[in-house]
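Shown next, in structure tokens, is the structure this report addresses.
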Amino acid sequence: MERGIVLYQSKYGSTEKYARWLAEESGYDIIEVKKAKADTMNGYETVILCGAVYASGIAGISYLRKNKNALAGKRAAVFCVGASPYDEKAVADVKAQNLKEELKDIPLFYGRGAWDEEAMSLPDRMLCRMLQKAVAKKDPDTYEPWMKALMCAAGQKCDWTDKTYLEPLIGYLRDREKKA
């Protein structure tokens, strides 16, 4: 694979795990978004952002928006990580909300992360519990996939991270490299 960089923003560790797996598999450099500067993407042909999904927003996407001019002429992709199982509609919604305007052509990939309420910050834990209470009022037959996952994970410690979630992204990178 060509020279690339994996930028990541992780709060609880799942996104960092995927970013490290991706860096190992691809041979790309890796850096945390908060340590990246405006010129960090210089000298790379490929830029991958790995960011967790929080309330439909992708962590770290603001770095790409802020530095969108540095993406010119580069291959880019976003790998987002969430606690819900893969759902095509939900992933499309996340893409539409986060990858707009100059970023709209960047492909989005998804991997399932982990759930551990004990490790969550107090505000995150409170938000999740409020959301669980709201979902619990609905008819379970009408739950969307993320709602089912939320209700099943309540009070559990779950780790759904799996390297196989990276396969579509690795395939994309290899296909793009062949065409270059």
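Under the 4.5 Å side-chain heavy-atom criterion for ILVMFWY residues, a single connected hydrophobic cluster contains both Val94 and Tyr86. Val6 and Leu49 fall into different hydrophobic clusters, where Ile, Leu, Val, Met, Phe, Trp and Tyr are joined by side-chain heavy atoms under 4.5 Å apart, directly or via other members. Under the 4.5 Å side-chain heavy-atom criterion for Ile, Leu, Val, Met, Phe, Trp and Tyr, Leu7 and Val53 are members of the same hydrophobic cluster. Under the 4.5 Å side-chain heavy-atom criterion for grouping Ile, Leu, Val, Met, Phe, Trp and Tyr, Leu173 is not connected to Ile31 through any hydrophobic cluster. Cluster annotation: Tyr110 is connected to Val47 through the hydrophobic network of ILVMFWY side chains, with a link wherever side-chain heavy atoms come within less than 4.5 Å.
For the pair Ser14 (side chain) and Ala114 (backbone), a donor-acceptor distance under 3.5 Å is present. Counting only distance, with no hydrogens or angles, the side chain of Lys74 and the backbone of Tyr44 share a donor-acceptor pair below 3.5 Å. A donor-acceptor pair under 3.5 Å links the side-chain atoms of Arg65 to the main chain of Asn98, judged by distance alone. Under a 3.5 Å cut-off, the side chain of Asp162 and the backbone N or O of Arg112 do not form any donor-acceptor pair. Checking side-chain atoms of Asp39 against main-chain N and O of Asn42 turns up no donor-acceptor pair under 3.5 Å. Using a distance-only test at 3.5 Å, with no hydrogens or angles considered, no donor-acceptor pair links the side chain of Lys17 to the main chain of Gly113.
Nearest heavy-atom pair across Pro107 and Lys95 is CA-NZ, 4.0 Å. Nearest heavy atom pair, residue Ser56 against residue Gln97, reads CB-OE1, 3.4 Å. Nearest heavy atoms, Ile58 versus Gly51: CG2-O, 3.9 Å. Closest approach of Ile106 and Ala77 over heavy atoms only: CG2-CA, 3.6 Å. The two residues Tyr63 and Lys37 come nearest to each other via the heavy atoms OH-O, 2.6 Å. The two residues Leu99 and Leu103 come nearest to each other via the heavy atoms CB-O, 3.5 Å.
Between Tyr172 and Phe109, the ring-plane angle classifies as tilted under the 30° and 60° cut-offs. Aromatic ring pairs are classed by plane angle as parallel below 30°, tilted from 30° to 60° and perpendicular above 60°; the pair Tyr165 and Tyr18 is perpendicular.
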Arg3 vs Asp29, side chain to side chain contact (heavy atoms under 4.5 Å, CB included): CA-CA, chis, key distance, verdict = CA-CA 8 Å; Arg3 188 158 153 72; Asp29 293 336; 3.4 Å; yes

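Between Glu24 and Arg20 there is no salt bridge, since no side-chain nitrogen of the basic residue lies less than 4.0 Å from a carboxylate oxygen of the acidic one. The pair Glu2-Arg75 counts as a salt bridge, with a side-chain nitrogen and a carboxylate oxygen less than 4.0 angstrom apart.
Here the CD1-CG distance, from Ile48 to Leu169, works out to 5.0 Å after rounding to the nearest 0.5 Å. Of the inter-residue distances, the one linking Met126 atom CE with Met120 atom CE reads 13.5 Å to the nearest 0.5 angstrom. In this structure, CG in Leu108 is found 4.0 Å from SG in Cys80, a value given to the nearest 0.5 Å. Separating the CD atom in Glu88 from the CG atom in Asp93 is a distance of 11.0 Å, to the nearest 0.5 Å. Taken to the nearest 0.5 Å, the CG atom of Asp105 stands 11.5 Å off from the CG atom of Leu71.
The side-chain heavy atoms of Leu166 and Trp21, taken from C-beta on, include a pair separated by under 4.5 Å. A 4.5 Å side-chain heavy-atom check between Val78 and Leu64 finds at least one atom pair inside the cut-off.
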